[in-house]
Peer 1: 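This is the structure I have questions about; it appears just below.
Each ligand, and each atom within it, is numbered from 1 in the order the structure gives.
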Amino acid sequence: MGGESSRPAAPPSPVYDKAWREVDWTKKDAMIKELKQFSLNDPDMGQLRILLIGPIGTGKSSFVNSIKSAISGRMVTAALADADTGTGFTKIYQTHYIRDGKGRLPFAFNDVMGLEPDESRGAHPADIISILRGHIREGYQFNPTCPLTQEKPDYNSSPELRDRVHCLVSANAVFGMSAGVKRKLRTIREKASSLGIPQFHVMTKVDNACQEVNRDLRNIYKSKAIKKQMETYSNELGIPMSCILPVKNYHEETKTDNEADVLVLEAVTQIVHAANDYIWTLQQK
Ligand SMILES: Nc1nc2c(ncn2[C@@H]2O[C@H](COP(=O)(O)OP(=O)(O)OP(=O)(O)O)[C@@H](O)[C@H]2O)c(=O)[nH]1
Ligand SMILES: [Mg+2]
C-alpha cells in the first residue's frame, strides 16, 4: 500500500472519454448532396451572401477554399490566389461562388481584409458595417484609414436584399484574440444583431491546438483544450456554443480528407440554413 501512494500521479488526460458533441463521420456524401440540392426560401434572391470577418491570417480565405474543396472533392485554392495583391493578405472585397457543374450553388462567401488591433490598420469596422447593409460593391479595395463614403463609385446607395449580408461569420484561430480586434468585432456584431443577421464563429487551426486532434481529427469534441477555447469564444463574443464551429482548413495538403471535410461541411450546412431562415423571417414582416 505504502508503495502505491509514493507513485507519481498520472498526468491529466487531454481528452474526455466521450465526445460531448456527436458527429457522424460517415455522412460526408449525404451532406454534399444536401448542399448541392439546397434551395432558397426566395428563389429571386439568386444567392445567399455570407460574410467572413476576423483578424488577419486566421484562415478566412482558407475556409472558403476548404468549403470549395470539400464540396468539389478536389483541392481548390482560388480564394487566396484571386484575392492576393502581392503582400499575401486579402485586400479586396470579393464574392466567392461555389461551382456546381456549369452553374453555381445558391450561396456565396464574401472574403474581406482582416481586422487588426491597431486603429489605423486592417479593414475599417465602418466598411464592414456598410457591407452588412449591402452598400459596398464588389472589387472595392479596402483603405484602413478611410472608410468608403457615399459619393465614391464603389458605394451602392440603393442596395437590394440580395446585396446585403444574410449571415455574419467571424473566423479566428484557437489561440485567442487581441483586445483591439475584440473591440472591433463587438462593434460589428452589435450592428449585425440590430439588423437581425444570424452569426457564427468558425474556430480554425484546431490541428495546432491539441496533439490528440492533430493525430486524429475525430478527437475534436473530446479535446479539453478545444472545448475550453470554444467556451472562451462563446463568452467573449456572446455567441452560444452551438454557433461556435471548429474546423481544420486545408493549408498544405494535396488531397482532401474525410474528417476535415465533415467538419467544414457541418459548419457550412448550419451557416446556409441560418441565412436562408433569415431571409424567410424578413419576408414575413
Ligand atoms: N494548421 C493550419 N493552418 C491553417 C489553417 N487555416 C489556415 N491556415 C494557414 O494560415 C495562414 C493564413 O491563412 P489565410 O486563409 O490566408 O488567412 P486569412 O484570414 O484569409 O488572412 P488575411 O487575408 O491576411 O486576413 C495560411 O498559411 C494558411 O495555410 C488551419 O485550419 N490549420
Ligand atoms: Mg484572406
Peer 1: I need the contact type for Asp207 against ligand 1. Using non-hydrogen atoms and a strict under-4.0 Å cut-off, is it side chain, backbone, both or neither?
Peer 2: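 For Asp207, only side-chain atoms sit under 4.0 Å from ligand 1.
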Peer 1: At a non-hydrogen distance cut-off of under 4.0 Å, which region of Asn208 contacts ligand 1 (side chain, backbone, both, or neither)?
Peer 2: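 Under 4.0 Å from ligand 1, Asn208 contributes side-chain atoms alone.
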Peer 1: Is there an N/O/S atom in Ser61 that lies less than 2.8 Å from the Mg ion (ligand 2)?
Peer 2: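 It does: Ser61 brings an N, O or S atom closer than 2.8 Å to the Mg ion (ligand 2).
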Peer 1: Kindly determine whether Lys182 and Glu236 satisfy salt bridge (Lys or Arg N to Asp or Glu O under 4.0 Å), including the steps that lead there.
Peer 2: CA-CA 8 Å; Lys182 262 186 242 170; Glu236 285 180 352; 3.2 Å; yes
Peer 1: Do Lys227 and Trp20 meet the cation-pi criteria used here (NZ or CZ under 6.0 Å from the six-membered ring centre, within 45° of the axis)?
Peer 2: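 Verdict for Trp20: a cation-pi partner in Lys227.
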Peer 1: Keeping the roles fixed (side chain from His251, backbone from Asn249), state whether a donor-acceptor pair exists under 3.5 Å.
Peer 2: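 No, His251 side chain to Asn249 backbone: no donor-acceptor pair under 3.5 Å.
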Peer 1: Atom 6 (N) of ligand 1: which of Asn172, Asn249, Ile53, Leu263 has the nearest heavy atom?
Peer 2: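 Heavy atom nearest to atom 6 (N) of ligand 1 belongs to Asn249.
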Peer 1: Anything under 30° is parallel, anything over 60° is perpendicular, the rest tilted; go ahead and classify His273 against Phe38.
Peer 2: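 Rings of His273 and Phe38: perpendicular, as their planes differ by over 60°.
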Peer 1: Just which atoms of ligand 1 are under 4.0 Å from any heavy atom in Lys248?
Peer 2: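 In order of numbering, the contacting atoms are 31 (O).
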Peer 1: Please name all residues satisfying salt bridge (charged side-chain N to carboxylate O under 4.0 Å, His left out) with Lys224, sequence neighbours left out, ordered by chain then number.
Peer 2: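 Scan of Lys224 (salt bridge (charged side-chain N to carboxylate O under 4.0 Å, His left out), adjacent residues dropped) gives none.
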Peer 1: Show which atoms of ligand 1 fall inside a sub-4.0 Å distance from at least one heavy-atom site of Ser62.
Peer 2: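 Those of ligand 1 that fall under 4.0 Å from Ser62 are 6 (N), 7 (C), 13 (O), 14 (P), 15 (O), 28 (C).
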Peer 1: Are more than 12 heavy atoms, taken from residues, nucleotides or ligands other than Arg137, located less than 6.0 Å from that residue's CZ atom?
Peer 2: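 Counting neighbours around CZ of Arg137, more than 12 heavy atoms of other residues, nucleotides or ligands fall under 6.0 Å, so yes.
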Peer 1: Using a 4.0 Å cutoff against the non-hydrogen atoms of Ile56, which atoms of ligand 1 qualify?
Peer 2: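 Taking each heavy atom of Ile56 in turn, ligand 1 has 24 (O), 25 (O) under 4.0 Å.
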Peer 1: Any nitrogen or oxygen of Gly59, main chain or side chain, under 3.5 Å from a nitrogen or oxygen of ligand 1?
Peer 2: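 N/O-N/O distance under 3.5 Å: yes.
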Peer 1: Which of the numbered atoms in ligand 1 are under 4.0 angstrom from any heavy atom belonging to Lys60?
Peer 2: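 That gives atoms 15 (O), 17 (O), 18 (P), 19 (O), 20 (O), 21 (O), 22 (P), 25 (O) of ligand 1.
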Peer 1: From atom 2 (C) of ligand 1, work out which of Lys91, His251, Met203 has a heavy atom at the shortest distance.
Peer 2: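 Nearest option to atom 2 (C) of ligand 1, by heavy atoms: His251.
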Peer 1: Under 4.0 Å from a heavy atom of Ser61: which atoms of ligand 1 are those, numbered in the order shown and with their elements?
Peer 2: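 Heavy-atom distances to Ser61 below 4.0 Å select 15 (O), 18 (P), 20 (O).
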Peer 1: If only atom types and distance count, is the side chain of Gln270 paired as donor or acceptor with the main-chain N or O of Glu266 below 3.5 Å?
Peer 2: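 Such a contact is absent between Gln270 side chain and Glu266 backbone.
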Peer 1: Going by the closest heavy atom to atom 22 (P) of ligand 1, which one wins out of Pro55, Gly57, Gly54?
Peer 2: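 Nearest heavy atom to atom 22 (P) of ligand 1 lies in Gly57.
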Peer 1: Okay, side chain of Asp127, backbone of Leu148: is any donor-acceptor separation there less than 3.5 Å?
Peer 2: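 Looks like yes, one N/O pair under 3.5 Å.
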Peer 1: Salt bridge (Lys or Arg N to Asp or Glu O under 4.0 Å) between Asp100 and Lys36: does it pass, once the steps are laid out?
Peer 2: CA-CA 7 Å; Asp100 182 32; Lys36 287 191 170 183; 3.8 Å; yes
Peer 1: For Thr58, take its heavy atoms, then give the atoms of ligand 1 lying under 4.0 Å from any of them.
Peer 2: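 In order of number, 17 (O), 18 (P), 19 (O).
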Peer 1: Out of all atoms in ligand 1, which are within 4.0 Å of some heavy atom of Gly114? Include the element for each.
Peer 2: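 Those of ligand 1 that fall under 4.0 Å from Gly114 are 25 (O).
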